[in-house]
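Inspection log for the structure reproduced underneath, given as structure tokens.
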Amino acid sequence: MLQNFYQSLPGDLSQEVFETLAGNGKVKIERIISQGHTTPVGEWYDQSQYEWVMLLKGEAQLEFEDARLVTLKPGDYLTLAPHQKHRVASTSSEGETLWLAVFYDAETV
């Protein structure tokens, strides 16, 4: 069934939205929708899988445990290694920030 990444966005963005688009147990593809959301200060994502993430709309900043900040604009992408602690420091508050994330294990690479 044909779908469009930019359509069917939820009306309620009071919470960040994580939607699984596809997956098979080894790989998960996710659409993440943010609007002014951040990871609470002092909390870190510490994932056991690789995460490849691309920003498709909006703007965001990721903060890493070493205090490094990375600003993402549409088209920017990066790969996060397993257990590379990071948090979302900021996302656009005007309009949605749309992310495409792919989670996978090292043996999938």
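None of these values were measured; they are calculated from a predicted model.
- Annotation: the span from S90 atom OG to E59 atom CD amounts to 7.0 Å, rounded to 0.5 Å.
- For the pair S92 (side chain) and T97 (backbone), a donor-acceptor distance under 3.5 Å is absent.
- Judged by distance alone, the side chain of T39 and the main-chain N or O of V88 form a donor-acceptor pair under 3.5 Å.
- Between F64 and Q84 the shortest side-chain heavy-atom distance falls below 4.5 Å.
- Judged by distance alone, the side chain of T91 and the main-chain N or O of G36 form a donor-acceptor pair under 3.5 Å.
- Taking the six-membered ring where tryptophan is involved, the planes of Y50 and Y104 are essentially parallel, since the angle between them stays under 30° and well short of 60°.
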Check step by step if side chain to side chain contact (heavy atoms under 4.5 Å, CB included) holds for D76 and M54.
CA-CA 6 Å; D76 291 340; M54 175 182 262; over 6 Å; no
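- Between E96 and K57, at least one side-chain N (NZ, or NE/NH1/NH2) sits under 4.0 Å from a carboxylate O, which counts as a salt bridge.
- By the criterion of side-chain heavy atoms lying less than 4.5 angstrom apart, applied directly or through intervening Ile, Leu, Val, Met, Phe, Trp or Tyr residues, L9 is grouped together with I29 in one hydrophobic cluster.
- K73 NZ to Q61 CD: the interatomic distance, rounded to the nearest 0.5 Å, is 10.0 Å.
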When the side chains of residues 14-21 are checked against the rest of the protein, which donor-acceptor pairs come out under 3.5 Å, sequence neighbours left out?
residue, atom, partner, partner atom, Å
S14, OG, D12, OD1, 2.8
E16, OE2, S34, OG, 2.4
E19, OE1, R31, NE, 2.7
E19, OE1, R31, NH2, 2.6

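- For the pair L100 and Y77, the minimum side-chain heavy-atom distance is 4.5 Å or more.
- Applying the ring pair (Phe, Tyr, Trp, His ring centres under 6.0 Å) rule to pairs touching residues 81-102 yields Y45-H86, sequence neighbours excluded.
- Residues T71 and L62 have side chains not in contact (no heavy-atom distance under 4.5 Å, counting atoms from C-beta outward).
- Considering all non-hydrogen atoms of both residues, I33 and P10 come closest at CD1-CD, 3.4 Å.
- With hydrophobic clusters built from ILVMFWY side chains whose heavy atoms lie under 4.5 angstrom apart, Y6 does not share a cluster with L72.
- Listed by chain and number, the hydrophobic cluster partners of F103 come to none, as no ILVMFWY side chain reaches under 4.5 Å of it.
- The distance from atom CG of D105 to atom NZ of K26, rounded to the nearest 0.5 Å, is 8.0 Å.
- Contact annotation: the side chain of L55 never approaches that of L98 to less than 4.5 Å [non-hydrogen atoms, C-beta and beyond].
- Using a 4.5 Å cut-off on side-chain heavy atoms (C-beta onward), V41 and R87 make contact.
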Please walk me through it: do F5 and L56 pass side chain to side chain contact (heavy atoms under 4.5 Å, CB included)?
CA-CA 10 Å; F5 192 86; L56 296 174; 3.4 Å; yes
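- For S48 against P82, the heavy-atom pair with the smallest separation is O-CB, 3.5 Å.
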